[in-house]
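Here the structure comes first, spelled out in structure tokens, and everything after it is commentary.
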There are 2 protein chains.
Amino acid sequence: MTRSEENYIKTIFHLGRKGTREVATNAIAELMETKPSSVTDMIKRLSEKDLVNYKRYQGVSLTALGNKTALGIIRKHRLWEVFLVEKLDFSWDEVHEVAEQLEHIKSDKLIDSLDRLLAYPKFDPHGDPIPDKNGGFKERDRELLSEVPKNSVGVCVGVKDSSATFLKFLDKNGIALGNQIRVMEIEEFDGSLNIEIDGRKMQISHVIASNLYIKVNND
Amino acid sequence: MTRSEENYIKTIFHLGRKGTREVATNAIAELMETKPSSVTDMIKRLSEKDLVNYKRYQGVSLTALGNKTALGIIRKHRLWEVFLVEKLDFSWDEVHEVAEQLEHIKSDKLIDSLDRLLAYPKFDPHGDPIPDKNGGFKERDRELLSEVPKNSVGVCVGVKDSSATFLKFLDKNGIALGNQIRVMEIEEFDGSLNIEIDGRKMQISHVIASNLYIKVNND
DNA sequence: ATATATTTTTAGACAAAACTAAAAATTTGT
DNA sequence: ACAAATTTTTAGTTTTGTCTAAAAATATAT
Ligand SMILES: [Mn+2]
Ligand SMILES: [Mn+2]
Ligand SMILES: [Mn+2]
Ligand SMILES: [Mn+2]
């Protein structure tokens, strides 16, 4: 598989999770910053190789083989992200770009050894689950901070938007994965929240809250 | 720079070390397992980018920029080889193939952090020197085992042929970098050697001896 | 010195992956 | 239901990097 094919497969996988079963040509083009005509060309090649199901004008979905391929790439991407943070002291806003390159390195032994070196991590630096060798992974039980009721208590376990700008914003405001969070007040007017995070009180906008995942303590 | 351009630059660098100043089109083609016509095409592109000096039919050589580029790639290649051996328990015959891929990853921060993680190694698993950030490196003082006189004593510091087959042969016969070597006898007839290696006596053929570098103890 | 052999370059083709512009199919609005 | 808007596909180019076959330059051998 070429690098480009792998990137398409990964994008189709991500778009297939959210939203509808069949992924639209335009959606792929937009996410990959390419043109719809290029997407159509590539989809045909992928269809030829039995990685996607494709009927023209009907959108595209991954075959079983395509799905397995996608999970393999995502496993590599996320393991490399952990490596960069844990072993090379990268910050969580710097890892994605490099992982985009590293995810295409082909060597089973390499990725298995990396997994062992990192002590088989289950989640990447953004709180996203890492598929195991066989592509299996459990989506962690979590909710957007913007969706939980007042007085909820939990721990911050992930980000929805993992852009560098958002992550740096969180750093600046001392918000990190693992922090204890209590929702003190939800402002009707603009949806902003008063929270207590690791003992410290602060106010965050609705936009911020809708990009933070927490695991609620259910007693 | 594209991956392919980088591979050409690296090959021209290696061929330029040994042998003559100007590198022949055919030599590049042979080493890269490609056709001479493809080489000519690429050389023109590299010349356009000021990475090589080229006058048709006169062979090719690296410019200052090309040289610096080559050293950067070789630095990455060798650091990754050290990483694979030291951190991921690869054997020295397994690292080259993966390093061929990893050497093309683009991130200064990545390679500097890797260098730090590995404690700034000076040599790769095959005894080849690792250029520093600025492309500087000192070729270690060493000689082929086949060229030193009888009774020489020294330490094994590198291999000339670093193919997996040769390296596995060395493993099988318990020969490794760092071993103490004494040349007991040189057989006139076939150039084979009787050596004592880490206290153990053995006989090795001329071919083997001419692919092992030793640093002779000069007293 | 001249014919022969070797090396290198050119010319023309091809595949991958992208693009633009235009056509075709589908969806939406009234 | 039908026109308009949107989405998707096709057709035709482009760039990178490769190839084969043929031509040109250089090296070698008698
Ligand atoms: Mn990422
Ligand atoms: Mn991630
Ligand atoms: Mn190597
Ligand atoms: Mn090496």
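Numbers restart at 1 for each chain; the letters A, B, ... are given by sequence-line order, proteins then strands.
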Q) Which letter, B, S or -, goes with each nucleotide of nucleotides 13-26 of chain D from 5' to 3', with contact meaning a protein heavy atom under 4.0 Å? A) ----BBBB---BSS
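- Residue B/Asn26 places none of its side-chain N or O atoms closer than 4.0 Å to OP1 or OP2 of C/dT6.
- Distance A/Leu46 CG to C/dA17 C1': 12 Å, rounded to the nearest Å.
- A salt bridge links B/Arg116 and A/Asp89; the closest N-O separation between the charged side-chain nitrogens and carboxylate oxygens is under 4.0 Å.
- Listed nucleotides: C/dT10, C/dT9, D/dT9. Nearest to the side chain of B/Tyr54: C/dT9.
- A/Lys87 is linked by a salt bridge (Lys or Arg N to Asp or Glu O under 4.0 Å) to nothing, counting only residues two or more places apart in sequence or in another chain.
- Side-chain atoms of A/Ser4 and A/Thr2 include no donor-acceptor pair closer than 3.5 Å.
- Geometrically, A/Lys160 does not engage A/Tyr213 in a cation-pi contact defined by less than 6.0 Å to the ring centre and at most 45° from the axis.
- As judged by a 4.0 angstrom heavy-atom cut-off over every strand, B/Thr25 is placed among residues touching the sugar-phosphate backbone only.
- Side-chain nitrogen and oxygen atoms of B/Lys44 include at least one within less than 4.0 Å of the OP1 or OP2 phosphate oxygen of C/dT10.
- A cation-pi arrangement is present between A/Lys109 and B/Phe90, with the terminal nitrogen or guanidinium carbon under 6.0 Å from the aromatic centre and inside a 45° cone about the axis.
- The side-chain tip of B/Arg78 does not point at the ring of B/Phe123 from less than 6.0 angstrom away and within 45° of straight on.
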